[in-house]
Amino acid sequence: MSGEGAARPLWSRDFGLFFVARAVARLGDTMLPVALAAGLLQHGYGAGAVGLAMAATAAAFAGLVVFGGVIADRFSTRKLMIGADLVRLGTQALTAVLFYTGHVVLWEICVIGVINGVAGAVFQPGVASTVPRLATDVQGANGAIRVAESAAQLAGPAFAGVLVGLAAPGGVFAAHAATYAVSALCLLLLRLPPLAHAGGAPGRGARAFRADLVEGWREFRSRTWMWGVIAIWCLYMIAVWGPSVPLVATEVVQQHGAGAYGLVNSALGAGTVVGGLIALRLRPRRMLRAGAVAVIGFTAFPTAVGLGLDVPAMAAGAATAGAGLSFWGVMWATTVQTQVQPDVLNRIHAYDVAGSLAMMPVGQALAGPAASALGTHRVLLISGAVSLVVAAALLAVRPIRDLVRVDPAPSSAGART
């Protein structure tokens, strides 16, 4: 590790605040699908309405996150993140009131979802630049956050289910709003060290904004390892993750019941916790190479379901998949945060997020027609095989395979915070 003399301990006061903010926010986000499904179904809407409400948020986020990256590089990321949390505190509190009073209109819920997606697009880019400003051990910080988010993902749906039973869906939305309040408070108390370089200067009009956007794209495409990973990940989303999620759910529920699917999903979540813990300890010199090897583990999940194995075997495959993806996620996030200069990191991260998410809806949309044409089991086996192809492709590209880790010294020069 470079810069030992100025190194900040991982578990500092400020990293602890950011850790709590991310964990609590993730807990709330994993409660939301349960609340939407239970609430809309209770008010006479069907599964299509639930999907539309969720898609409103996802579409707004994916469509605007690149612009959010430019904004985050031009202004104080902490203030933007607090503002985004406060907006979502308001929207979810309003949603709780709508459900409590029985005034539930689908288009209103979708508009609220769009506002949440816009707020998320402003919030998310700042996460990338905040982590290396809080901890010299960027990989350790990412691993710790991944473990916390994975644990929250396990607890969130169960907690939401309890709240639905005790306080109706409106209670879940109220609790979700409270998680944004906690996140905003933690970020408000945060003391961020200044960036080494300033991003684009605010207040220079649309031309400067476009220039910053173009610069972000130029920085993104100049890094073969980065756009190479995103291009390969598009294949992963179309042929592996996109179809696997709905088809695994359908197959396991139909063949073994909802309880079995809950067990398999819990195993996937537990695997992500394990992967994060491994990433806290294992420090490979070539991080993307190690992460690509870990991606092979995802093959076990769709393959186990596609082969019609029993529930324990599917759960084991899910746990293996979760551990592999979680480890890859830490390696990838750490690589981006340490290889990219601070003044363009938010924009680069935004292109990363947008590119990673772009093909997921395509894979989900193709899952049904592919299963009708080839059979669910065959599509899942193909997904397992493509997961191996993705790992092999990551290892085949030399700039990805041979990229050497960077352990930066803490940033210190004056800039906006």
Side-chain angles (χ1 to χ4, degrees), residues 26-27 29-31 33-34 37 143 146-161 233 235-280 282 290-332 356 360 363-364 367 370-371 375-391:
R26 184 60 178 164
L27 178 70
D29 290 344
T30 58
M31 293 162 54
V34 177
R146 179 59 62 100
V147 170
E149 290 181 341
S150 298
Q153 190 163 353
L154 278 172
F159 184 45
W233 214 246
L235 171 63
Y236 177 84
M237 285 295 178
I238 292 174
V240 183
W241 183 258
S244 290
V245 172
L247 294 183
V248 164
T250 302
E251 184 66 18
V252 175
V253 170
Q254 288 180 344
Q255 299 299 321
H256 303 280
Y261 179 64
L263 176 64
V264 170
N265 226 25
S266 294
L268 180 67
T272 63
V273 173
V274 172
L277 291 172
I278 293 173
L280 277 169
L282 191 62
V293 173
V295 168
I296 295 172
F298 192 84
T299 303
F301 189 22
T303 301
V305 180
L307 291 174
L309 302 182
D310 57 17
V311 173
M314 289 190 291
T320 303
L325 278 186
S326 182
F327 184 82
W328 161 262
V330 174
M331 296 297 106
W332 173 247
S356 298
M360 183 171 65
Q364 292 173 331
T376 298
H377 286 255
R378 188 168 295 170
V379 174
L380 288 171
L381 291 175
I382 292 172
S383 292
V386 175
S387 185
L388 290 176
V389 172
V390 166

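Heads up: numbering here begins at 1 and tracks the sequence.
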Output all residues satisfying side-chain contact (heavy atoms from CB on, under 4.5 Å) with [X], sequence neighbours left out; order by chain, then residue number.
X      : value
Ala270 : none
Val274 : Ile278
Thr376 : Leu247, Glu251, Ala371, Leu380

Return the minimal non-hydrogen interatomic distance between [X] and [Y], and the atom names on each side.
X      : Y      : value
Ser383 : Pro243 : OG-CG, 3.7 Å
Thr303 : Thr299 : OG1-O, 2.7 Å
Ala239 : Val386 : CB-CG1, 3.7 Å
Gly291 : Trp328 : C-CE3, 3.3 Å
Ala152 : Thr30  : O-OG1, 3.5 Å
Arg146 : Val330 : CB-CG2, 3.8 Å

Just verifying a value: how many Å separate [X] [atom1] and [Y] [atom2], rounded to the nearest 0.5 Å?
X      : Y      : atom1 : atom2 : value
Ser244 : Met237 : OG    : CE    : 11.0 Å
Ser387 : Leu235 : OG    : CG    : 10.0 Å
Leu282 : Met331 : CG    : CE    : 6.5 Å

Discussion item. Can you list everything that forms a side chain to side chain donor-acceptor pair (under 3.5 Å) with Ser150? Sequence neighbours excluded, please.
Written reply: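 So Ser150 forms a side chain to side chain donor-acceptor pair (under 3.5 Å) with Thr272.
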
Fill in: ring pair (Phe, Tyr, Trp, His ring centres under 6.0 Å) contacts touching residues 296-322 (sequence neighbours left out)
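Applying ring pair (Phe, Tyr, Trp, His ring centres under 6.0 Å) to every pair that reaches into residues 296-322, excluding sequence neighbours, yields Tyr236-Phe298, Trp241-Phe298.
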
Fill in: Note, Trp233 side chain near Trp332 side chain (heavy atom, < 4.5 Å)
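No. Closest side-chain heavy atoms not under 4.5 Å.
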
Residues 306-324, side-chain donor-acceptor partners within the protein, below 3.5 Å, at least two apart:
residue, atom, partner, partner atom, Å
Asp310, OD1, Ala313, N, 3.0
Thr320, OG1, Ala316, O, 2.9

